[in-house]
Amino acid sequence: MADGEESHQRAAVSRQGAAPAAGQPIDDVVARRARLKRITSLGQRTGYGLYAGSLICGAIGIRWGYTPLLTTLIAVALVVGSMLLAPTIIMSHGIKAAEREERRAAAAGSTE
C-alpha cells in the first residue's frame, strides 16, 4: 500500500472517532474539530433543554397560574437557551461543512 493511501486511511479512522493504533499520529485539525463537535453538542443539548424547561414552566403557569418566580424562570430559560443555541448551531453547521468538504476532497483525490 502506498504511503499516501495509508495516511489517508489513518485520517479517515480518526475522523470516525476511533482511536488510532499505537504509533499512528492524530491529525491536529481532526482532533480539534472533534473537541469542538463535543462542545457544540453539549451546548445544543443544554439550550434545547432550557427551551423544554421554559415550555414546561409555561404549561405549569397555564394550569396553576403564573407567579413572578415562574415568569422569571421562563424568561431566563429562553434568554440563556438562545444565547447557547445561536453560536452552537452556527458552529455545528460549520463543522458539518468542513467535514463534507474534506470528504469531497478525499473522493476527488482518490479518483485521480
Side-chain angles (χ1 to χ4, degrees):
M1 184 181 315
D3 187 47
E5 290 176 17
E6 202 171 81
S7 66
H8 173 64
Q9 286 178 346
R10 278 185 284 188
V13 168
S14 65
R15 264 188 245 107
Q16 294 168 357
Q24 293 180 344
I26 297 176
D27 187 7
D28 288 339
V29 174
V30 173
R32 184 177 299 141
R33 190 178 300 148
R35 184 171 27 94
L36 286 173
K37 197 173 193 179
R38 283 190 307 272
I39 291 169
T40 58
S41 176
L42 177 64
Q44 286 179 339
R45 284 193 308 259
T46 305
Y48 285 124
L50 286 168
Y51 275 12
S54 71
L55 285 173
I56 291 168
C57 288
I60 290 170
I62 289 171
R63 174 66 177 102
W64 288 290
Y66 287 98
T67 64
L69 175 64
L70 192 60
T71 306
T72 302
L73 283 174
I74 293 170
V76 168
L78 288 173
V79 169
V80 174
S82 297
M83 289 173 60
L84 283 172
L85 278 175
T88 57
I89 288 172
I90 292 168
M91 180 108 32
S92 174
H93 285 294
I95 291 169
K96 288 176 187 176
E99 289 173 344
R100 189 171 43 247
E101 183 64 30
E102 195 172 75
R103 282 192 302 272
R104 282 188 197 146
S110 66
T111 59
E112 292 178 3

Peer 1: With rounding to the nearest 0.5 angstrom, report the CG to CZ distance, Asp27 to Arg33.
Peer 2: 8.0 Å
Peer 1: Can you tell me how far apart CD1 (Ile89) and CG (Leu84) are? Round to the nearest 0.5 Å.
Peer 2: 10.5 Å
Peer 1: Provide the closest heavy-atom pair for Pro87 versus Ser82 in the form atom of the first, atom of the second, distance.
Peer 2: CD-O, 4.5 Å
Peer 1: Evaluate Lys96 against Ser92 for side-chain contact (heavy atoms from CB on, under 4.5 Å), listing each step before the verdict.
Peer 2: CA-CA 6 Å; Lys96 288 176 187 176; Ser92 174; 3.7 Å; yes
Peer 1: Could you walk me through whether Trp64 and Leu70 pass the side-chain contact (heavy atoms from CB on, under 4.5 Å) check?
Peer 2: CA-CA 11 Å; Trp64 288 290; Leu70 192 60; over 6 Å; no
Peer 1: What residue among Leu78, Leu73, Thr72 forms side chain to side chain contact (heavy atoms under 4.5 Å, CB included) with Val76?
Peer 2: Thr72
Peer 1: Indicate yes or no for a side-chain donor-acceptor contact from Thr46 to the backbone of Leu42 under 3.5 Å, with no hydrogens or angles considered.
Peer 2: yes
Peer 1: Kindly compute the distance separating OG1 (Thr88) from NE2 (His93), expressed to the nearest 0.5 Å.
Peer 2: 9.5 Å
Peer 1: Is there a continuous path of hydrophobic side-chain contacts, each under 4.5 Å between heavy atoms, that joins Tyr51 to Ile60?
Peer 2: yes
Peer 1: To the nearest 0.5 Å, how far apart are CD1 in Ile95 and CZ in Arg32?
Peer 2: 12.0 Å
Peer 1: With the 4.5 Å side-chain cut-off for hydrophobic clustering, are Ile62 and Ile56 part of the same group?
Peer 2: yes
Peer 1: With distance as the sole test, does Tyr48 use its side chain to make a donor-acceptor pair with the main-chain N or O of Gly81 at under 3.5 Å?
Peer 2: no
Peer 1: What's the separation between atom CG in Leu69 and atom CD1 in Ile74, rounded to the nearest 0.5 Å?
Peer 2: 10.0 Å
